[in-house]
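For reference, the structure is listed below as structure tokens.
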2 protein chains.
Amino acid sequence: MFEGEYSVSLDDKGRVSIPAPYREQLRRRYDDLRVVVCRDYDGCVSLYPPAEWERSVLPEVYGRPINDQWRRAFESFVVGSAVTCTPDKQGRIAISATLRQHANLSKKVIFTGGVGHFQLWDVALRDAKLQRDLEILRAPQPAPVA
Amino acid sequence: MFEGEYSVSLDDKGRVSIPAPYREQLRRRYDDLRVVVCRDYDGCVSLYPPAEWERSVLPEVYGRPINDQWRRAFESFVVGSAVTCTPDKQGRIAISATLRQHANLSKKVIFTGGVGHFQLWDVALRDAKLQRDLEILRAPQPAPVA
DNA sequence: CCTTTATTCCCCACTATTCCCCACCAACCG
DNA sequence: CGGTTGGTGGGGAATAGTGGGGAATAAAGG
């Protein structure tokens, strides 16, 4: 569990500081500061501890036949963009121009927590996403959990 | 059960004192002064004892399929913003700028009690919420719980 | 194949923020 | 009227975030 949201800045060299609480989690829980950085189809960049990547992302691919349409798209779009990064001494990683472009990242960016991974968003896109989330959450309750 | 409403102030550093009765409840009933602070889609900030968070909030997420729309929105909106805070020696916690902005919190804020959690409101938004509550409560009764 | 140019990576230094602690004030209770 | 408890404000130390310089590496061109 990566907790909280953090606003950080992307410098001229394309680097971002991974928020200290996330680094703490990477160190304590995974004993590995590296992260797998990849394209996400929500329009952001997703970051996984390598252990989580292998545990929960790769099986999504290998669990399907090699001619499965969804698998081929996922493999191409997500896995195809994945790079394992090691943070520098200040806890930063560089985001490639390709990924920056994909997620429309400019100077002000936002990290958002999640279970087993976290994400990197452009401020405006994140706001739009929250707005859509709100509409879904405020709509009449769905059927209770079975 | 967290009882009562309390008016407190948010200082320049974004800190609020958790009302003493709530702290007393956290200590006696949960033996843990920490609270999970998160965005709430009613427009306020919700605070849960960690035990309650795991008992009643997280199952709402994990009880649903990962591609469920409501689950994805809830995970992004609520869980994505959650941070576990430990009160300082004076019983205060810091509310991040993001959460303050979300709930429109200024200097005067209100804590409201609840079952298993409590909330932090802006005065005006709280008044509006009470008004809406009234309308719901005065409307024709729904069918009894099965 | 060597030279030149561009890029990446690493490290240092500055600034801003956070956290922790101490002190004051006000209200309530004995 | 004094003591105790809860709320509020502020100072100082530690930590995190940011920007930039320089070395090493890789790429391109002669």
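Reminder, nothing fancy here: chain letters follow the sequence lines and each chain counts from 1.
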Checklist entry - Between atom CG in A/Leu26 and atom C1' in D/dA16, what is the gap in whole Å? => result 16 Å

Next on the checklist: Quick check: A/Tyr48 with A/Phe118 (ring centres under 6.0 Å apart)?
Outcome noted: no

Checklist entry - To the nearest 0.5 Å, how far apart are CD1 in A/Ile93 and CG in A/Asp88? => result 9.5 Å

Checklist outcome for this item: B/Lys108 NZ to D/dT8 P, in whole Å, measures 10 Å

Checklist entry - Quick one: A/Glu24 CD to D/dT15 P, roughly how many Å, whole number? => result 12 Å

Checklist entry - Whole-Å distance between D/dT8 P and B/Leu10 CG? => result 10 Å

Next on the checklist: Within a 6.0 Å radius of atom CZ on B/Arg29, are there more than 12 heavy atoms belonging to other residues, nucleotides or ligands?
Outcome noted: no

Checklist entry - Can we say A/Arg72 and A/Glu75 salt-bridge, meaning some charged N sits less than 4.0 Å from an Asp/Glu carboxylate O? => result no

Next on the checklist: Within a 6.0 Å radius of atom CG on B/Leu134, are there more than 12 heavy atoms belonging to other residues, nucleotides or ligands?
Outcome noted: yes

Next on the checklist: I want to check one thing: is the phosphate of D/dG17, taken as OP1 and OP2, less than 4.0 Å away from some side-chain N or O of A/Arg23?
Outcome noted: yes

Next on the checklist: Can you build the contact string for nucleotides 17-22 of chain C? Use B for base contact, S for sugar-phosphate-only contact, and - for no protein heavy atom under 4.0 Å.
Outcome noted: --BBBB

Item to check | Pair A/Glu5 + A/Arg126: basic N to acidic O under 4.0 Å | outcome: yes

Checklist entry - Could you state the CG-C1' distance from A/Asp11 to C/dA13, rounded to the nearest angstrom? => result 15 Å

Next on the checklist: Please determine whether a side-chain nitrogen or oxygen atom of A/Ser17 lies at a distance below 4.0 Å from atom OP1 or OP2 of D/dA16.
Outcome noted: no

Heteroatom pairs (N/O) under 3.5 angstrom, protein to nucleotides 24-26 of chain C:
none

Checklist entry - Would you say the ring centroid of B/His102 lies under 6.0 angstrom from that of B/Tyr41? => result no

When the side chains of residues 106-113 of chain B are checked against the rest of the protein, which donor-acceptor pairs come out under 3.5 Å, sequence neighbours left out?
none

